[in-house]
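Comments concern the structure below.
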Amino acid sequence: MAASTGDSSSSSVRKRHVGNNKTETKSADCSEEDGEDKEREKRLQPLQKGTYWLTRIVLLRSVSFIYLVAFSVAYNQNKQLIGERGLLPCKSYLNSVKRYVGGKIGLAAFTYTPSILWLLDWSDMDANLDGLALLGMALSAFVLVTGMANMVIMVTLWVLYHSLVNVGQLWYSFGWESQLLETGFLAIFLCPVWTLSQVPRRCPPSLICIWTFRWLIVRIMLGAGLIKIRGDKCWRDLTCMDYHYETQPVPNPLSYYMHRSPWWFHRFETLSNHLIELVFPFFTFLGRRMCTVNGAIQILFQVVLIVSGNLSFLNWLTIVPSLACFDDSSLGFLFHSGVVFCCAVFYDISLFDFAHTVCVYCITGMTVRRVVNISLGILIGLLSIPVVMNLLSSRQLMNTSFDPLRIVNTYGAFGSITKERTEVIFQGTQSLDPKDPEAVWEEYQFLCKPGDVYRRPCLISPYHYRLDWLMWFAAFQTYEQSEWVIHIAGRLLSNDSMVLSLLDHNPFQGTETPRWVRGEHFRYKFSQPGSSSAAQGKWWLRKRIGAYFPPVDLEGLRGYFQSRNWPHPHIPPNKN
């Protein structure tokens with residue numbers, strides 16, 4: 001009995017111990033689960049303020065998007081503009097530079113015109129131009145899709161675009177080319193040297209680099225605002241927006257309606273423009289919250305400009321440095337689909353054990369990176385001195401570079417507003433006598449600029465038709481100031497396919513070539529919505545001003561072409 005009782009007793013104790021073990025095991029499991037839950041909660045906490053891992057991804061993808069657009073424009077238009085048979089061949093330009101620097105390709109030539117085209121075979125310049133553009137498109141598309149980049153890729157993109165801009169002559173004379181080169185240069189320092197990762201562990205985004213982007217958007221806005229205040233009187237009396245939508249280089253469909261806004265709305269627009277360009281940029285220096293406010297306002301401002309006109313990729317590009325005003329905490333919503341993964345990654349990076357990085361390689365790499373970042377800040381600071389002096393000057397220059405590599409530039413747009421819109425219209429005829437009153441003159445139509453009054457304004461932003469933009473400038477100059485206009489006329493006389501690919505409509509397609517081509521000068525105005533003209537489908541009303549250039553034929557242009565070293569157009573056999 002006693003034994004039995006003892007057995008029973010010990011059995012009971014054993015059960016109790018087993019039960020306790022189970023309880024302890026459950027407690028340990030619960031404790032482990034609680035730890036995992038706490039860890040998971042930590043990982044799901046909002047991203048930290050003042051870190052820029054997500055900012056870097058957004059900046060790199062944004063820069064690569066602009067690069068992709070720019071290289072696409074280059075691929076589709078360079079051959080016609082600066083190719084072997086282009087309107088201003090880059091081979092001729094490089095040869096003239098070569099003669100100017102002493103007749104050889106050396107350091108002087110590279111300094112005067114930095115371009116890797118110096119190193120390529122000039123026997124097929126079209127292939128060279130296409131190769132540079134295609135390589136740029138491939139690399140920028142890779143960064144855009146993956147969000148991954150390193151210094152090698154970003155330097156390559158910068159060098160490739162530099163090589164095109166520096167030989168692009170008139171066609172690449174726009175301010176946004178220098179702005180893209182400066183933005184692309186800053187993007188180089190966002191990346192590790194070799195690593196390809198959206199979140200490279202050993203390469204946290206540099207605060208110095210983030211501030212160089214912020215400094216860029218401050219200079220862009222102040223440059224644009226100051227050039228307006230110092231320029232056209234209409235910016236000071238708040239009337240510029242009465243004209244802008246109708247007279248801007250290439251209006252879009254919304255421009256037609258924005259132009260007819262009430263007078264008080266145009267005053268509000270102009271005043272808002274001054275506040276955004278001259279006041280809000282200083283918010284950048286007033287702490288995180290105010291910096292974020294400025295970034296949001298600048299982006300909204302650029303979006304409004306994008307939807308109201310075809311200003312190439314300028315406004316899209318200006319959004320890029322504005323993104324540097326946001327930290328990870330502000331940009332987390334953009335990564336909603338992968339928020340758990342992103343938060344876990346960033347939490348892990350912020351807590352990685354310093355003991356894992358204490359090695360000669362890591363310390364050396366971090367030191368070199370720190371030196372590079374500080375050097376970047378010093379470089380941008382030194383190169384900014386003439387830019388700041390220009391901003392303070394009453395003789396402010398607009399869209400100017402003060403160093404050959406266009407690392408830090410001064411910007412500005414629409415310092416003066418044209419009050420009337422004029423257009424040059426190319427016309428051709430097959431008549432033997434251009435003075436014959438019975439001669440039928442047919443009009444050529446460009447891809448986007450106003451011509452046919454019944455054609456709706458196009459919408460192409462962020463793409464860019466370079467010839468259409470230059471025709472806007474030519475319209476308020478003379479053909480003597482824009483000799484390339486006569487070059488176009490000569491090429492139209494021969495139905496040149498290269499130049500015709502830059503146009504939308506050739507009235508002599510499939511017929512005999514025109515015997516004469518002339519340029520007519522017209523004044524254009526938007527039709528009034530709801531008017532009889534608008535009811536007829538007219539977007540524009542126009543009135544002839546006079547001849548822009550007189551009728552010309554190929555024989556008459558022979559001497560003109562020879563004196564400018566332009567190849568005389570070939571006359572193809574006429575088609576019946």
Can you check whether [Y]'s main-chain N or O pairs, donor with acceptor, with [X]'s side chain at less than 3.5 Å?
| X | Y | answer |
| --- | --- | --- |
| K449 | L470 | no |
| N128 | D121 | yes |
| S64 | L144 | yes |
| H521 | F476 | no |
| D468 | C448 | yes |
| S206 | C209 | yes |
| T400 | L397 | no |
| R406 | L181 | no |
| Q169 | L88 | yes |
| S393 | M389 | no |

Nearest heavy-atom pair of [X] and [Y]: which atoms, and what distance?
| X | Y | value |
| --- | --- | --- |
| A149 | P192 | O-CD, 3.9 Å |
| G136 | L157 | O-CD2, 3.5 Å |
| Q248 | L311 | OE1-CD2, 4.0 Å |
| V218 | P281 | CG2-O, 3.7 Å |
| P434 | W441 | O-CZ2, 3.7 Å |
| Y93 | S96 | O-OG, 2.5 Å |

Answer yes when [X] and [Y] have at least one side-chain N-carboxylate O distance shorter than 4.0 Å, and no when they do not.
| X | Y | result |
| --- | --- | --- |
| D232 | K419 | yes |
| R491 | D496 | yes |
| R219 | E182 | yes |
| E246 | R421 | no |

Nearest 0.5 Å, please: how far is [atom2] in [Y] from [atom1] in [X]?
| X | Y | atom1 | atom2 | value |
| --- | --- | --- | --- | --- |
| H568 | L554 | NE2 | CG | 5.0 Å |
| L117 | N166 | CG | CG | 9.5 Å |
| C90 | M125 | SG | CE | 4.5 Å |
| S394 | L226 | OG | CG | 11.5 Å |
| N390 | T410 | CG | OG1 | 4.0 Å |
| W211 | I208 | CH2 | CD1 | 12.0 Å |

So, F110 versus Y112, ring centres under 6.0 angstrom or not?
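F110 vs Y112: aromatic centres not under 6.0 Å.
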Could you go through R518 and Q427, starting from their C-alpha distance and side-chain angles, then the distance that decides it, and tell me whether this counts as side chain to side chain donor-acceptor pair (under 3.5 Å)?
CA-CA 5 Å; R518 69 183 183 185; Q427 298 177 344; 2.8 Å; yes
Is the cationic atom of R61 (NZ for Lys, CZ for Arg) positioned less than 6.0 Å from the six-membered ring centroid of F65 and within 45 degrees of its normal?
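No, R61 does not sit over the ring of F65.
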Within 45 degrees of the axis of the six-membered ring of F522 and under 6.0 Å from its centre: does R542 put its NZ or CZ there?
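Yes; both conditions hold, so R542 lies above the ring face of F522.
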Candidates I488, T429, L492 - the one meeting side chain to side chain contact (heavy atoms under 4.5 Å, CB included) with V517:
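For V517, the side chain to side chain contact (heavy atoms under 4.5 Å, CB included) test succeeds with only one of I488, T429, L492, which is L492.
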Against T55, only a single residue in L323, L60, I210 fulfils side chain to side chain contact (heavy atoms under 4.5 Å, CB included); can you say which?
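Considering L323, L60, I210, a side chain to side chain contact (heavy atoms under 4.5 Å, CB included) with T55 is found only for I210.
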I'd like to check [X] versus [Y] (side-chain heavy atoms, cut-off strictly below 4.5 Å). Are they in contact?
| X | Y | value |
| --- | --- | --- |
| W215 | S384 | yes |
| I66 | W176 | no |
| T212 | P321 | no |

Apply side chain to side chain contact (heavy atoms under 4.5 Å, CB included) to the pair L222 and E277, showing each step before the final yes or no.
CA-CA 6 Å; L222 289 180; E277 293 184 339; over 6 Å; no
What pairs of residues pass the salt bridge (Lys or Arg N to Asp or Glu O under 4.0 Å) test when at least one of them lies in residues 87-109, not counting sequence neighbours?
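Of all non-adjacent pairs touching residues 87-109, those that pass salt bridge (Lys or Arg N to Asp or Glu O under 4.0 Å) are E84-K91.
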Is the number of heavy atoms from other residues, nucleotides or ligands within 6.0 Å of [atom1] ([X]) greater than 12?
| X | atom1 | value |
| --- | --- | --- |
| Y100 | OH | no |
| F285 | CZ | yes |
| F142 | CZ | yes |

Can you check side chain to side chain contact (heavy atoms under 4.5 Å, CB included) on L503 and L447, steps first, answer last?
CA-CA 5 Å; L503 305 184; L447 291 168; 5.8 Å; no
Any donor-acceptor N or O pair under 3.5 Å, side chains [X], [Y]:
| X | Y | value |
| --- | --- | --- |
| N409 | Y411 | yes |
| R466 | Q77 | no |
| E420 | Y524 | no |
| W469 | S312 | no |
| T195 | N150 | no |
| R523 | T422 | no |
| Y172 | N78 | yes |

Ring pair (Phe, Tyr, Trp, His ring centres under 6.0 Å) for F426 and F549? Distances and angles first, verdict last.
CA-CA 10 Å; F426 286 93; F549 65 85; 5.8 Å; yes
Full working for side chain to side chain contact (heavy atoms under 4.5 Å, CB included) between W171 and W484
CA-CA 11 Å; W171 313 109; W484 51 270; 3.9 Å; yes
Take N315 and T318, measure what side chain to side chain donor-acceptor pair (under 3.5 Å) needs, and give me the verdict at the end.
CA-CA 5 Å; N315 306 119; T318 306; 5.2 Å; no
If the plane angle is over 60° it's perpendicular, under 30° parallel, otherwise tilted; pick one for H487 and W566.
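Ring orientation of H487 relative to W566: parallel.
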Look at the aromatic rings of F313 and H464 and report parallel, tilted or perpendicular, splitting at 30° and 60°.
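F313 and H464: perpendicular rings.
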Checking ring pair (Phe, Tyr, Trp, His ring centres under 6.0 Å) for the pair F414/H244: CA distance, chi angles, key distance, verdict?
CA-CA 9 Å; F414 296 106; H244 168 72; 5.0 Å; yes
Step by step, work out the side chain to side chain contact (heavy atoms under 4.5 Å, CB included) result for F174 and N399.
CA-CA 8 Å; F174 307 108; N399 297 325; over 6 Å; no
